[in-house]
Amino acid sequence: MYNKYYRIMCMVIILLMMAGFTNYADSFSDKKVVLITVNEVTFEDLYEMPTVRQWIENGAIALMNNRTSTTANMLKAYTTIGAGVRAEASADSIQSNNLTEESQKIYRRRTGIEIGSSGIVNLDMPRLQRLNLSGEYGAVPGALGQALRNKGLKTAAIGNGDTEETFARFAPLVAMDENGFVDYGDVSQEILEHDDFYPFGAKNNYAKMAEVFRECYEKASLTVIDFADIHRLERYRNNMSDTAYLNHKAHILAEFDDYLAKISNLIDFDNTRLLLVTPYPSSANIRIGNRLTPLVLVGDGIPPGVMTSDTTRREGIVGNVDIAPTIAAYLGAEGENMTGRVLKVIERQENLSYLLDLNQRVIATSQFRYPVLTTFAIFEIFISIIALLIILFKDRLKHQWVHYFTNLLLSTMAIPFVLLILSFFAKRSLFFVYLWIVLITILITYLVTKISSHRLDNLLILSGITTIGLLVDIITNGNLIKHSLLGYDPIIGARYYGIGNEYMGVLIGSTLVFATILLDRYPCRRHWALLIFLITTLIVGFPGLGANVGGTITAVVAFVFASLRLYNIKIRLKQLFFIGISAVIVVGLMAYLDIHLLGSKSHLAGAIDQIFSEGIGTIPMIINRKLSMNLRLIRVTIWSKVLISTIVILAILFYRPVGVLNRLFRAYPNLSIGWGGIVAACVIGFLVNDSGVVASATGIIFLGMSMLYLTFYIPKEG
């Protein structure tokens with residue numbers, strides 16, 4: 001009897017478990033995503049459309065970085081969204097057509113693959129695949145569509161942006177699988193209608209597009225609709241007066257909004273998420289620096305607010321690579337071959353006003369960054385050259401003027417800290433940015449000289465406030481670095497959080513000077529310097545704070561080098577091997593923490609995931625990308641001139657005045673070890689960072705300026 005009841009209970013449990021698994025699977029199979037792309041518009045344009053305004057107010061929105069592989073363009077932007085990785089594309093690699101007998105033959109001839117009799121196919125898929133195999137990031141075009149196909153889900157694409165001169169069918173670039181195939185939809189001329197009033201005499205046939213959408217929405221889990229009338233308008237803009245252009249744009253957006261209202265009635269938002277995406281900005285917005293584009297998410301489980309992701313860790317800013325993994329995750333598919341992260345929603349009222357204000361700050365930072373940093377770099381070069389000349393001919397000058405000039409040397413070391421705290425004062429006027437930089441730099445330099453009782457105190461205070469200020473900011477979410485002109489630009493999209501290469505160089509340089517000058521100024525034990533090195537390394541490398549991998553390697557090499565020298569250990573082959581092993585161990589430990597404890601959220605985890613998913617061949621690609629970036633920067637960036645000029649000036653000091661550096665090293669033995677660590681940091685930083693020339697140039701600031709400053713006081717040491 002007992003066995004009978006036991007068997008019945010087991011069967012009931014098994015049936016319940018099967019039902020649970022079935023419901024779990026069905027919960028994904030019932031879900032749908034509608035992705036609408038409308039190119040070259042802003043949030044201000046979208047908010048004028050009643051239907052979209054309602055989505056913005058009831059859903060989540062974000063500013064989207066649209067960076068792609070190498071030089072960005074519209075074709076790459078669409079391909080990147082479908083790949084989940086910054087991708088390549090060209091005009092001769094995107095020819096998508098509805099399947100016909102003729103297109104079947106062409107596709108089979110080009111790929112050797114037998115394709116079905118219905119659907120959409122990219123006839124140029126082999127060329128697109130080759131472009132990305134040799135591309136900067138090794139993207140897999142169609143990764144999103146392939147992830148859904150592996151799950152047994154279908155995709156659809158609707159939209160035609162053809163003009164008289166160009167072939168522009170972008171929706172399949174997002175919806176297709178790795179073979180370039182889309183299950184349903186229509187991208188043919190059939191969804192256009194002739195209208196002489198419209199640019200190129202063509203416009204969307206909204207009745208036809210609504211009919212196609214109704215069919216696709218029932219059958220496909222992902223439906224991509226590309227609204228192309230704005231695309232045609234922007235291509236035709238140079239032929240129009242400004243008034244005619246604005247009138248056409250208002251009329252086109254009004255028609256588009258009517259279409260969105262109609263298809264909204266067909267969508268069940270209880271099990272559907274709708275994304276409205278602007279893949280690429282207009283030429284006019286690019287010219288004024290307004291490059292971040294709108295992203296709207298509404299529907300199943302989405303509260304009003306703004307979006308973020310682990311790609312950016314910036315509230316209100318996301319990457320175009322985040323769209324594909326977000327769609328895949330919602331539909332229960334595995335987003336393989338994707339570097340993006342799933343979008344998250346942060347509930348916030350007045351979300352649009354918050355984003356518009358954020359966008360203005362980002363634009364201001366991006367626009368002011370180049371002139372301010374160029375001015376700083378030129379100022380540093382100029383002061384260094386004048387300092388060298390004064391050192392060479394100092395005996396012929398009045399002592400008072402020499403004293404005043406040393407304050408200028410101190411000011412160059414104050415500027416990185418000034419640029420860190422500048423966001424508290426200067427906002428959106430370049431004039432006031434310059435004014436505040438000058439005033440705050442003068443104030444800090446004056447206060448430092450007044451409270452210093454020893455010539456080393458000036459350097460100790462400046463390097464100390466820079467080091468402590470940067471470390472505190474990093475562990476408190478880096479809000480100052482994010483908005484600093486010496487931080488990073490979310491429009492460029494090279495980095496969104498943690499510490500960028502500019503401040504990474506500054507931090508390592510200031511830390512080495514601060515820790516070692518402390519030993520020369522006060523009777524401290526050497527372990528205090530080692531503690532400062534350890535804290536800095538952990539904060540720079542910790543994945544939860546950003547994990548600048550190149551910065552971690554640079555810091556470990558420089559700090560271990562300096563630590564060995566502080567204990568009078570000569571650097572030979574054995575010590576070099578120990579330094580290298582130390583860097584590998586620290587980076588490996590950070591990677592373990594990131595992947596197994598923190599959920600693979602940093603750049604380091606992303607690189608390791610890419611290596612595991614795509615093979616060891618990814619490593620040469622990453623190295624090649626870093627070398628290519630450095631070679632390009634050497635030619636174009638002002639920082640390469642800073643680095644070269646400082647190296648030349650220090651080389652001259654080794655010979656003239658005779659013996660001056662030897663006396664300097666004897667006077668400050670520990671600080672000279674810190675200088676040696678900065679040299680090691682510059683060499684390693686150049687090799688392991690994708691903008692290593694920048695990190696080396698900012699790192700050498702505290703080396704060059706502190707050495708020049710103390711050289712003025714060498715005679716007093718005698």
Side-chain angles (χ1 to χ4, degrees), residues 31-39 49 51-52 78 81-82 94-104 115-123 142 144-145 148-149 153-163 167-177 180-195 198 200 202-232 252-269 271-277 279 299 327 331:
K31 294 182 181 296
K32 295 180 182 292
V33 172
V34 176
L35 175 62
I36 301 170
T37 57
V38 52
N39 227 12
M49 304 164 60
T51 303
V52 182
Y78 279 89
I81 291 173
I94 63 162
Q95 185 181 350
S96 293
N97 289 285
N98 288 13
L99 272 168
T100 62
E101 186 176 343
E102 181 63 23
S103 59
Q104 283 178 286
I115 204 75
S117 59
S118 64
I120 300 166
V121 69
N122 181 1
L123 298 178
L144 173 58
L148 301 184
R149 186 165 305 286
L153 305 178
K154 305 296 185 180
T155 63
I158 306 168
N160 183 304
D162 293 356
T163 68
F167 189 93
R169 301 172 185 184
F170 301 141
L173 294 173
V174 180
M176 66 186 182
D177 62 17
F181 178 70
V182 182
D183 298 282
Y184 311 113
D186 192 344
V187 295
S188 70
Q189 295 280 336
E190 295 296 320
I191 58 171
L192 297 181
E193 62 179 279
H194 179 77
D195 192 321
Y198 278 74
F200 300 102
K203 60 170 288 190
N204 291 328
N205 184 335
Y206 288 112
K208 178 66 174 178
M209 289 179 67
E211 179 185 334
V212 174
F213 173 76
R214 183 183 292 105
E215 297 173 358
C216 293
Y217 180 70
E218 293 178 0
K219 297 184 288 187
S221 296
L222 169 64
T223 302
V224 180
I225 308 170
D226 182 46
F227 172 70
D229 280 350
I230 287 289
H231 169 77
R232 277 183 284 268
I252 288 171
L253 290 177
E255 286 194 325
F256 178 42
D257 191 69
D258 290 340
Y259 172 73
L260 294 180
K262 290 177 182 176
I263 67 170
S264 292
N265 295 327
L266 303 175
I267 296 174
D268 180 4
F269 284 102
N271 74 336
T272 301
R273 288 185 179 177
L274 183 146
L275 293 98
L276 179 63
V277 186
I327 294 173
L331 296 177

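What's counted below: heavy atoms across the whole structure, side chains too, no hydrogens, waters or symmetry copies.
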**Request:** Write down the atom of Ala157, the atom of Pro172, and the distance for their closest heavy-atom approach.
**Result:** CB-N, 3.9 Å
**Fill in**
Smallest heavy-atom separation, Asp229 atom then Ala202 atom, equals OD1-O, 4.4 Å
**Item:** Atom of Glu190, atom of Lys208 and distance for their closest heavy-atom approach
**Value:** O-CG, 3.8 Å
**Item:** Name of the residue among Thr155, Ile120, Leu144, Asn122 meeting side-chain contact (heavy atoms from CB on, under 4.5 Å) with Met176
**Value:** Asn122
**Prompt:** What are the two closest non-hydrogen atoms of Ile191 and Gly159, and how far apart are they?
**Reply:** CD1-N, 3.4 Å
**Prompt:** So how far is it from Ser103 OG to Ile115 CD1, rounded to the nearest 0.5 Å?
**Reply:** 9.5 Å
**CD on Glu215 to OG1 on Thr223, rounded to 0.5 Å** = 11.5 Å
**Message:** Do Ile252 and Ile230 make a side-chain contact, defined as non-hydrogen atoms from C-beta onward lying under 4.5 Å apart?
**Reply:** yes
**Item:** side-chain contact (heavy atoms from CB on, under 4.5 Å) between Leu153 and Leu222, worked out
**Value:** CA-CA 8 Å; Leu153 305 178; Leu222 169 64; over 6 Å; no
**Prompt:** Should Thr37 and Phe170 be marked as a side-chain contact (heavy atoms from CB on, under 4.5 Å) after you check the CA-CA gap, both sets of side-chain angles, and the distance that decides it?
**Reply:** CA-CA 9 Å; Thr37 57; Phe170 301 141; 5.8 Å; no
**Request:** Output yes when a side-chain donor or acceptor of Lys32 lies under 3.5 Å from a complementary backbone atom of Ala220, and no otherwise.
**Result:** yes
**Asked** After noting the C-alpha distance and the side-chain angles of Ile263 and Tyr217, does the key distance pass the side-chain contact (heavy atoms from CB on, under 4.5 Å) rule?
**Response** CA-CA 10 Å; Ile263 67 170; Tyr217 180 70; over 6 Å; no
**Fill in**
Residues Tyr184 and Cys216: closest non-hydrogen pair is CB-SG, 4.0 Å
**Asked** Roughly how far apart are Gln104 CD and Asn97 CG, rounded to 0.5 Å?
**Response** 12.0 Å
**Item:** Leu148 side, atom CG; Asp177 side, atom CG - distance, nearest 0.5 Å
**Value:** 10.0 Å
**Message:** Within the 4.5 Å heavy-atom criterion, are Phe213 and Ile225 side-chain neighbours or not?
**Reply:** yes
**Asked** About how many Å separate NZ of Lys31 and CZ of Arg273, when rounded to the nearest 0.5 Å?
**Response** 7.0 Å
**Request:** Mind listing the closest non-hydrogen atom pair of Phe167 and Ser96 along with its distance?
**Result:** CZ-O, 3.3 Å
**Prompt:** Thinking salt bridges, do Arg149 and Asp183 make one under a 4.0 Å N-O criterion?
**Reply:** yes
**Message:** Using side-chain heavy atoms (C-beta onward) and a distance below 4.5 Å, is Tyr78 in contact with Val224?
**Reply:** no
**Asked** Passes side-chain contact (heavy atoms from CB on, under 4.5 Å), Tyr206 versus Asp258? Steps please.
**Response** CA-CA 9 Å; Tyr206 288 112; Asp258 290 340; over 6 Å; no
**Asked** Hey, what do you get for CD (Glu218) to NZ (Lys154), rounding to the nearest 0.5 Å?
**Response** 16.0 Å
**Prompt:** Judged by atom type as modelled, is there a donor-acceptor pair below 3.5 Å linking the side chain of Asp186 to the main-chain atoms of Ser188?
**Reply:** yes
**Request:** Only counting residues at least two apart or in another chain, list the ones meeting side chain to side chain donor-acceptor pair (under 3.5 Å) with Tyr198.
**Result:** His251, Glu255
**Message:** Restricting to side chain to side chain donor-acceptor pair (under 3.5 Å), what partner residues turn up for Asn160, sequence neighbours left out?
**Reply:** Asp162
**Request:** Could you walk me through whether Asn204 and Tyr259 pass the side-chain hydrogen bond (donor to acceptor under 3.5 Å, both in side chains) test, one step at a time?
**Result:** CA-CA 10 Å; Asn204 291 328; Tyr259 172 73; over 6 Å; no
